[in-house]
Every structure is written in structure tokens, then in C-alpha cells.
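Inspection log for the structure reproduced underneath, given as C-alpha cells.
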Amino acid sequence: MKRLYISLFILSGLFVSGCSDEFLEVDQTKNIPADPALVDSDAGATSMVDAVYNIFLSWDMSSFAWNGVSSIMTDDADKGSDPGDTGTDKDVLDALTFNSSTPSFSSIWNYNYAGINRANQALAMFPKLTQVSPALKTRLEGEAKFLRAFMYFTLVKGYGGVPIIDHLPIPGNDDDRLMQLTRKTPAEVYAFIEKDLNDAIVALPLKSSYSGTDVARASKGAAYALLAKVNLYQKNWQKVIDNCNQVTGYSLVSDYSLQYKKEGEFGPESIFEINGIGGTSSPGYGIGNYTVSQAPRGAGGWGWGFNTPSQGLADAYEAGDVRRAATIIFRGSVLYDGTVVASTVSNPMYNYKAYSSAFYNQEFTDVNLRYLRYAEVILMKAEALNELGQTSEAIPLINQIRHRAGLGDTPATGQSDVRKAIYKERRLEFAFEHDRWFDLVRTGQAEAAMKADVSATFPNGKTFIVGKHELYPIPALVVQQSGGVTTQNPGY
């Protein structure tokens with residue numbers, strides 16, 4: 001049993017020693033020591049929370065696997081690259097023929113739990129620190145809870161009910177062993193997320209109080225926006241509205257494309273984004289291979305060519321929609337910095353939002369992941385208002401998004417048509433921002449969208465199995481090594 005217990009810790013990214021004096025080793029994260037004296041200062045306490053942020057820079061957390069399970073699986077993207085290059089498992093993800101042994105699902109599970117472990121380490125350490133400014137300690141606790149909630153939200157959206165690990169487990173303690181193995185219901189996970197976010201709201205400052213590099217830190221507005229999104233997934237419509245109304249001090253930028261360039265980072269529309277600082281050698285401080293893995297491939301290219309826009313996505317934009325040119329790199333085009341995309345590259349389209357002018361072919365990119373933007377707050381509120389029958393109040397919010405895209409007012413008027421219009425705006429506004437799969441599932445569009453995702457590879461579309469594909473498979477090794485305690489999702 002002890003061997004099983006320790007191997008499961010390693011598998012889940014949750015290894016601690018019997019005295020809790022070891023810490024997880026994960027690329028591009030800072031280590032958290034167990035001795036309070038080593039971090040009992042403002043800088044030391046901050047470094048513990050930096051360790052949580054930095055896990056988002058890892059290849060397994062935010063790069064190849066994440067692109068696969070949040071984008072390539074959808075109707076917005078194809079595997080791309082060359083037909084013979086499977087990208088480890090990107091071919092089966094694209095085809096929706098994956099199973100519980102598909103590696104990408106293990107990467108997402110392991111690294112989110114690794115990040116949760118780091119948040120738990122920091123939260124366990126804070127009460128032991130006596131030399132840290134009380135105000136800073138409060139803020140850092142809020143950041144750790146926000147990040148823990150963020151990772152649990154990723155897990156519950158993808159896998160459904162998951163184990164809730166809310167403190168550092170003690171090896172040898174059977175209650176803690178079962179805590180790590182026993183899946184809670186989605187409702188229990190959502191309740192835990194909401195508690196963390198409500199605690200974070202009290203502890204965090206407004207975005208406007210941050211300056212310098214601190215602009216990358218979670219703020220009160222980020223906690224309210226994420227809470228609204230958690231409400232959205234539970235269809236708690238009035239709570240969506242109430243929490244969206246608390247997200248103040250933000251505005252849409254006039255140039256949609258600017259926010260995906262270096263100079264557009266942390267602008268007035270940005271609520272929460274993961275900060276990448278590019279580098280030409282290891283260790284870097286950008287998301288590992290995020291840019292180059294999605295860059296043009298083949299003759300005249302410089303990247304791997306994965307996660308390419310689908311023809312269906314390209315065709316979904318209305319004439320004059322500026323978001324199309326800001327989202328898709330077309331073969332034979334010239335990019336904003338003068339880079340020429342040769343007409344000989346392997347794929348007809350690539351993800352523009354992943355492009356870095358300075359680190360276009362480097363392992364560590366300066367591209368940020370935009371996870372919460374004010375545009376989403378507007379569309380979440382519109383969706384909630386429409387679902388509550390307040391359609392006339394929802395329409396002007398949709399039009400705000402459309403006008404920024406260079407389009408006229410929506411022609412939709414009735415509740416059903418406005419619902420479809422909101423879904424369409426979400427697709428086009430947030431393409432390649434890692435929401436499409438979850439949006440398709442939560443809104444019940446997935447089966448029809450996959451059938452309509454016709455391409456040369458899938459001339460009849462793809463088969464989304466209702467009752468199965470709404471959830472990712474729990475990684476096979478997690479189930480196997482749990483001795484039957486961790487249950488598998490239906491159909492796997």
C-alpha cells in the first residue's frame with residue numbers, strides 16, 4: 001500500500017515526504033521550502049505564490065496537451081502539421097477517438113494538481129510567517145486561493161467531479177490518502193471553487209492598485225469575473241449578472257488585434273492573463289513551445305504547424321469582421337511585423353494569437369495566455385440576461401462586441417435567436433483562447449458542431465458520443481493505481 005500511495009503522489013504531481021519537507025519538482029516553477037525561516041520575508045512569501053503562477057508556463061500545463069484537449073478537439077481547429085506527424089496523440093484527439101490512456105489528459109490532470117499542491121503549500125506556510133507584512137500576506141493568500149480555484153475550474157469542466165485536495169496530505173494518513181483518491185461531485189467541486197473565490201474577493205486589491213510586473217497578479221476584478229464564469233457553467237443566471245456587475249474599471253480596447261501583441265499585454269480589457277517572458281535559452285520564462293508548436297510548418301515555415309484553424313471557423317466570420325484577420329494566419333500573407341508566410345508552407349491557416357514577433361521560433365515565448373477579458377464579462381452578462389427573459393437588455397451588450405469587430409447590430413431579436421447570436425459571438429471573439437470545447441459541451445452544441453466539422457480528413461464530420469464525450473477520461477493510471485477508489489467517467 002505504501003508503494004502504491006507514493007507512486008500515486010508522483011503520478012498526480014502531489015509528492016511530499018513523510019515530514020512534508022520535500023517539494024514538487026516541476027520545470028519552470030520555483031521551489032517552496034518547508035522551513036519557514038527560508039521564506040519569512042515579503043520577498044520569500046511572494047516567491048511561494050510565484051511558484052503557483054509559474055506552473056502555468058510549463059509545457060504540460062499550457063502548451064501542447066492543453067492545445068489538444070481545448071482546441072484541436074473542437075470544430076475551430078484541426079491537428080494540422082503533416083499527415084504523418086501524430087503529435088503524440090493530437091490525431092486521436094482531433095478524431096475524438098481518444099481513450100483513458102491518451103497522454104494529453106494525464107498532462108492536464110497532473111499539472112493542475114501540481115499547481116494545486118503548490119497553492120496548498122503556500123497556504124499552509126503563511127500562518128507560520130511572522131516577518132511578512134500583514135497586508136501582503138492577506139493579498140498573497142487571496143492570490144493562492146484564486147489560482148487554486150482557477151485550476152479546479154479547469155478540472156471540473158474537463159473531468160467532472162474530481163478529488164478535492166484542500167490541504168497538504170500527510171503520507172501514512174488514510175483519510176488523506178482517500179482525500180486524494182475520492183472523486184467529489186461536480187456540485188461539491190463548484191462549491192469549493194466558489195468559497196475560494198469569495199475569500200479571494202475579500203483579500204485581493206483592484207487591478208488599478210498594481211504597477212510594474214505586479215500587473216500580472218490576480219485582482220478583485222479577476223476573482224469576480226471567474227466567479228461569474230463559474231456561475232455561468234452552473235446556469236445560476238442571476239449570480240452571473242450580479243458578479244459581472246462587480247467587474248468595474250475595465251473597457252474594450254478599440255483595436256481587437258492589439259491585445260494579442262506584446263504592446264497590448266495587460267491593457268484595459270485584460271482581467272487575467274498568464275505572463276510570458278520570452279527567452280532564447282533554458283531556463284526561459286515563457287510558455288514552453290507554445291508559439292513554435294503552432295507556427296507555420298514546412299518549406300518557408302519555422303514551426304511545427306499544429307492546432308490550425310479549421311475552414312469552418314474561417315467561414316464563420318461575417319464580411320468585414322476584423323477578428324478573422326487577427327485570429328488566422330493565412331498561407332502567403334504578410335504578418336503585422338513584415339514577416340512573410342510563404343505560399344509553400346504545409347497548412348493553409350495557422351493560429352495568429354499564438355504568434356510572437358520576437359520569439360517566433362524559440363522554445364520560450366513572450367506570448368501571454370488571455371484567460372479573462374472584459375469582452376467575456378459583457379457576453380456572460382448578455383447570456384444570463386437573455387436566459388432570464390431580459391432579451392432586450394442583452395442585445396445592446398452583443399452589439400458592443402459586434403461594433404468593436406467592425407460589424408453592425410445583431411439582427412437577432414427573439415430569445416432563441418439571441419441565444420444563437422451570443423454563442424456565435426463567443427466562438428468568434430474567443431477563438432483559440434481555450435474556451436471552445438467547454439462552450440460546446442455546456443451549451444449542448446457539441447454533437448451538432450462535430451457533425452458539421454467537415455474537412456478533407458473528416459469528410460463526414462466527427463462523431464461526438466453523447467453521454468461520453470462531455471467529459472474527459474480520468475487518466476488510466478490514476479484509476480489503476482487507486483485500487484478502485486477513483487472511478488472512471490462513463491464510456492471509457
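Reckoned from all heavy atoms, side chains included, excluding hydrogens, waters and symmetry mates.
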Take a 6.0 Å sphere around [atom1] of [X] and say whether it holds more than 12 heavy atoms from other residues, nucleotides or ligands.
X	atom1	answer
Lys451	NZ	no
Lys424	NZ	yes
Lys420	NZ	no
Tyr360	OH	no

Rounded to the nearest 0.5 Å, what's the gap from [atom1] on [X] to [atom2] on [Y]? Could you check?
X	Y	atom1	atom2	result
Leu407	Asp321	CG	CG	4.5 Å
Asn275	Tyr285	CG	OH	13.0 Å
Lys90	Thr102	NZ	OG1	9.5 Å
Arg436	Met73	CZ	CE	13.0 Å
Glu425	Ile378	CD	CD1	11.5 Å
Ile193	Tyr152	CD1	OH	9.0 Å

query: So among Thr291, Asp366, Asn361, Asp337, which one has a side chain to side chain donor-acceptor pair (under 3.5 Å) with Ser356?
result: Asp366

For Asn307, the option from Ser71, Ser70, Ser81 that meets side chain to side chain donor-acceptor pair (under 3.5 Å): Ser71

Can a donor-acceptor pair be found, under 3.5 Å and without considering hydrogens, that links the side chain of [X] to the backbone of [Y]?
X	Y	value
Thr339	Leu335	no
Thr86	Asp91	no
Gln294	Ala354	no
Asn347	Met349	no

Is there a side-chain contact between [X] and [Y] (heavy atoms, below 4.5 Å)?
X	Y	answer
Arg297	Phe306	yes
Asp82	Trp304	no
Asn117	Ile165	no
Glu447	His469	no
Val189	Val162	yes
Leu96	Met450	yes
Tyr336	Tyr355	yes
Leu93	Ser104	yes

[X]/[Y] ion pair, N-O < 4.0 Å:
X	Y	answer
Arg139	Glu143	yes
Arg426	Glu376	yes
Arg217	Asp50	yes
Arg148	Asp196	yes
Lys235	Glu383	no
Arg373	Glu273	no
Arg404	Glu429	yes
Lys462	Asp94	yes

message: Would Asp75 and Arg427 count as a salt bridge (Lys or Arg N to Asp or Glu O under 4.0 Å) here? Give the steps.
response: CA-CA 10 Å; Asp75 57 340; Arg427 179 186 190 184; 3.5 Å; yes

Would the [X] and [Y] ring centres measure less than 6.0 Å apart?
X	Y	answer
Tyr350	Phe432	no
Phe438	Tyr233	no
Tyr352	Tyr260	no
Tyr472	Trp109	no
Phe364	Phe359	no

query: What residue among Phe272, Tyr224, Tyr53 forms ring-ring contact (aromatic ring centres under 6.0 Å, His included) with Phe146?
result: Phe272

query: What residue among Tyr290, Phe64, Tyr111, Trp66 forms ring-ring contact (aromatic ring centres under 6.0 Å, His included) with Trp59?
result: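 When ring-ring contact (aromatic ring centres under 6.0 Å, His included) is applied between Trp59 and each of Tyr290, Phe64, Tyr111, Trp66, only Phe64 qualifies.
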
Check [X] against [Y] and note the closest heavy-atom contact, atom names and distance.
X	Y	value
Leu440	Ala449	CD2-CB, 3.7 Å
Ser47	Val39	OG-CG1, 4.4 Å
Leu313	Tyr317	O-CD1, 3.2 Å
Ala114	Ile55	CB-CD1, 3.5 Å
Thr486	Ser482	N-OG, 3.0 Å
Leu372	Ala222	CD1-O, 3.8 Å

- prompt: Is Lys468 close enough and on-axis enough to Tyr492, meaning under 6.0 Å and within 45°, for cation-pi?
  reply: yes

- prompt: Step by step, would you call Lys229 with Val240 a side chain to side chain contact (heavy atoms under 4.5 Å, CB included)?
  reply: CA-CA 7 Å; Lys229 195 165 183 174; Val240 174; over 6 Å; no

message: Against Glu433, only a single residue in Arg323, Arg370, Lys353 fulfils salt bridge (Lys or Arg N to Asp or Glu O under 4.0 Å); can you say which?
response: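 Between Glu433 and the candidates, salt bridge (Lys or Arg N to Asp or Glu O under 4.0 Å) is satisfied uniquely by Lys353.
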
task: Start with the C-alpha gap between Ser58 and Asp60, add the side-chain angles, then the distance that decides, and say whether side chain to side chain donor-acceptor pair (under 3.5 Å) holds.
output: CA-CA 5 Å; Ser58 66; Asp60 286 278; 5.8 Å; no

task: Test salt bridge (Lys or Arg N to Asp or Glu O under 4.0 Å) on Glu318 and Arg324 and set out the steps.
output: CA-CA 9 Å; Glu318 297 173 40; Arg324 187 176 190 263; over 6 Å; no

- request: Describe, in one word, how the ring planes of Tyr371 and Phe56 are oriented to each other, choosing from parallel (under 30°), tilted (30 to 60°) and perpendicular (over 60°).
  value: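 Judged by the thresholds at 30° and 60°, the geometry between Tyr371 and Phe56 is perpendicular.
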
message: With side chain to side chain donor-acceptor pair (under 3.5 Å) as the criterion, how do Gln234 and Glu194 come out once you've worked through the C-alpha distance, each side chain's angles and the decisive distance to 0.1 Å?
response: CA-CA 11 Å; Gln234 298 175 89; Glu194 290 179 4; 2.7 Å; yes

query: Would Arg442 and Asp435 count as a salt bridge (Lys or Arg N to Asp or Glu O under 4.0 Å) if you check the C-alpha gap in whole Å, the side-chain angles of each, and the deciding distance to 0.1 Å?
result: CA-CA 11 Å; Arg442 76 172 178 86; Asp435 258 350; over 6 Å; no

